[in-house]
Amino acid sequence: MSAQQDLVTARRSMYCGQVRPEHIGQTILLKGWVRHRRDHGGLIFIDLIDREGHCQVVLNPQEMDPEHFEQAHDLRDEFVLAVEGEVRRRPEGTANPNYATGEVELKVTRWEVLNKSEVTPFKLDEFYNISEEIRLRYRYLDLRRPEMQRAMRMRSGLYRVIRDYMHGRGFIETETPFLTRSTPEGARDFLTPSRIQKGCFYALPQSPQLFKQLLMVAGHDKYFQIVKCFRDEDLRANRQPEFTQLDLEMSFITPEDIYELIEGLLVRAYKELKGIDIPAPFPRMKYDDAMLKYGSDAPDLRYGMEISELSEAVRASDFKVFKSILEGGGVVRGFAVPGGGAKYSNTQLKPDGDLFVAAQKFGAKGLAWFRAVGPADADNAGLESSIVKFFTKETLAALRAQTGAQQGDLILIVADAEGVAADVLGRLRAKLAADLGLIDKEKLAFTWIVDFPLVEWNPKEKRWEPKHHPFTAPRYEDLDKLESDIGKVYAQAYDVVLNGQEIGGGSIRIHRRDIQERVFHAIGISQEEAERKFRFLLEGLSFGAPPHGGLAMGIDRMMMLLLGFDSIRDVIAFPKTQTGACLLTDSPAPVDPAQLEELGIQVVAEDEEKV
Ligand code: ASP
């Protein structure tokens with residue numbers, strides 16, 4: 001047993017990052033990790049680091065047992081140390097004003113290694129170009145980096161703000177089960193087999209939707225939960241198979257109550273966590289307007305380039321492509337790119353040019369363009385293009401006026417089915433804003449999107465699908481169209497959007513059994529299927545369910561935006577890759593045959609299936 005063994009069991013005096021000039025002269029004990037060791041032979045400097053920061057510790061053979069000093073040459077980065085010594089002011093001229101501990105250092109008299117470390121796969125203080133694969137495999141090291149520590153603590157801070165705020169507003173925090181029945185939110189379920197009832201499965205909840213509605217039937221009036229949700233979907237960037245939501249529900253409310261609640265929460269979160277005052281109330285935009293003007297139901301309002309409906313303006317033109325699209329019920333829409341005239345060459349706009357190809361990748365068949373080379377009152381309204389000859393002066397003047405193109409701008413136009421045109425233009429708008437540096441990164445553009453349609457057409461499966469989920473209430477005035485013209489029914493649904501990303505969404509719910517049954521029927525869920533899957537909900541609605549509504553906010557996405565990170569994985573302690581794998585634990589993984597047998601499950605190998 002070494003002479004310093006008592007350091008192992010003794011309690012530390014404070015965090016390394018908490019040592020201040022007021023401690024000068026005191027003998028203290030610190031515990032932390034070695035980072036950035038400078039061994040000058042006769043003198044060893046170490047930054048001893050913990051979650052609160054680092055303290056410079058100095059080992060000097062003159063100030064401790066020289067034999068013990070010699071052993072310190074073997075110390076390496078990420079060793080865990082206990083060091084005891086006196087806090088002193090750093091020598092003249094060596095203070096570092098960038099750190100809270102920059103004026104002081106610890107003159108070590110005794111130290112002990114609490115644990116050694118292998119050489120880490122990446123240096124924790126020089127974090128450049130480390131592949132995400134390595135970061136995720138050694139996530140505990142990645143999380144030890146100060147940047148990730150800050151992210152995780154900010155996340156914990158958000159939880160604190162949410163809980164404080166929600167409890168303060170009279171919400172009851174209630175947990176709902178993970179082993180349950182499918183709650184449809186438009187994704188596939190993750191299933192968990194039951195051992196006791198072989199052949200039966202639980203579904204992990206895609207959201208606690210039906211439980212929170214039943215809590216309203218139970219008279220809770222205001223419920224919230226910070227909860228994991230599970231959705232088995234093809235993972236796009238910034239999606240995770242399990243993710244965290246702030247889930248909430250209230251009784252006897254209108255959408256205004258939700259807007260006010262969420263705005264208050266976001267104002268408080270930004271103030272407390274970032275010191276930023278965000279203006280509320282947030283603007284509101286109808287879904288139809290968002291789709292027309294921005295080609296997206298989560299528009300980024302940090303920049304302009306609004307899309308214009310040009311169908312009427314070009315209806316009389318001789319340009320065949322536009323003509324046939326319009327005759328087929330499609331639309332012609334476009335927008336002006338500020339300064340785009342000089343920025344983009346004809347080569348980029350030709351069928352194999354990069355801008356044209358980008359539009360095609362987004363789903364367009366073609367991309368028409370006009371360059372505003374002169375003033376609006378010049379010949380051809382100052383417009384130039386390879387297709388200018390197909391348009392009359394009046395049409396060109398209308399194109400110029402309706403897109404609001406200034407001299408030097410480029411007008412981009414897409415003609416297609418309405419949904420395709422909106423989507424392509426929306427994506428082009430976002431791409432060009434990024435390419436041209438039009439996005440003010442400091443800006444926070446919140447907006448509510450309201451008046452969603454109740455359903456949308458799924459062309460592949462040839463059926464109407466809920467736009468939100470099947471429990472969303474139709475607008476009362478549209479109820480009589482449920483059976484006759486469901487495509488025209490609007491929902492009492494709303495999303496909250498920040499900088500082009502949906503951060504939350506919800507709705508007023510159907511609280512009457514008869515209306516819920518009509519909606520199920522209208523979206524093709526038979527009475528038998530409704531009874532089988534949703535008996536508990538339908539029964540619940542028939543026992544005095546109050547009118548109610550709610551919302552869920554994506555905590556991961558909100559954290560990402562709060563921290564200004566690009567990846568959702570950077571705000572989740574142990575995230576999965578794009579293919580749903582956890583590289584740390586190597587999951588998903590095969591299981592013991594005995595476990596499968598117990599569950600009554602046989603796995604069909606992929607190649608066997610193909611035979
Ligand atoms: N359950 C919905 C979701 O997870 C949110 C809600 O309608 O409250 O998206």
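All values reported here derive from a predicted model rather than from experimental measurement. Counting convention: from 1, in listed order, for ligands and their atoms alike.
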| request: Determine the interplanar angle of the Phe282 and Phe446 rings, folded into 0 to 90°, and report it as parallel if under 30°, tilted if 30 to 60°, perpendicular if over 60°. | output: parallel
| message | For Arg231, is there an ion pair with Asp189 - N to carboxylate O distance below 4.0 angstrom? | response |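 Salt bridge: no.
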| request: State whether Arg535 and Glu531 are salt-bridged, where the test is any N-O pair (Lys NZ or Arg NE/NH1/NH2 against Asp/Glu carboxylate O) under 4.0 Å. | output: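 No, no charged N to carboxylate O under 4.0 Å.
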| field | Contacts of Asp277 that satisfy side chain to side chain donor-acceptor pair (under 3.5 Å) - sequence neighbours left out | value |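 Lys271.
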| task | Decide if the gap between the ring center of Tyr165 and the ring center of Phe171 is smaller than 6.0 angstrom. | result | no
| Mind checking whether Phe452 and Tyr490 have ring centres under 6.0 Å apart? | no
| task | Check each protein residue for a heavy atom under 4.0 Å from ligand 1 and list those that pass, ordered by chain and number. | result | Glu185, Ser207, Gln209, Lys212, Arg231, Gln245, His468, His469, Gly505, Gly506, Arg509, Gly550, Leu551, Ala552
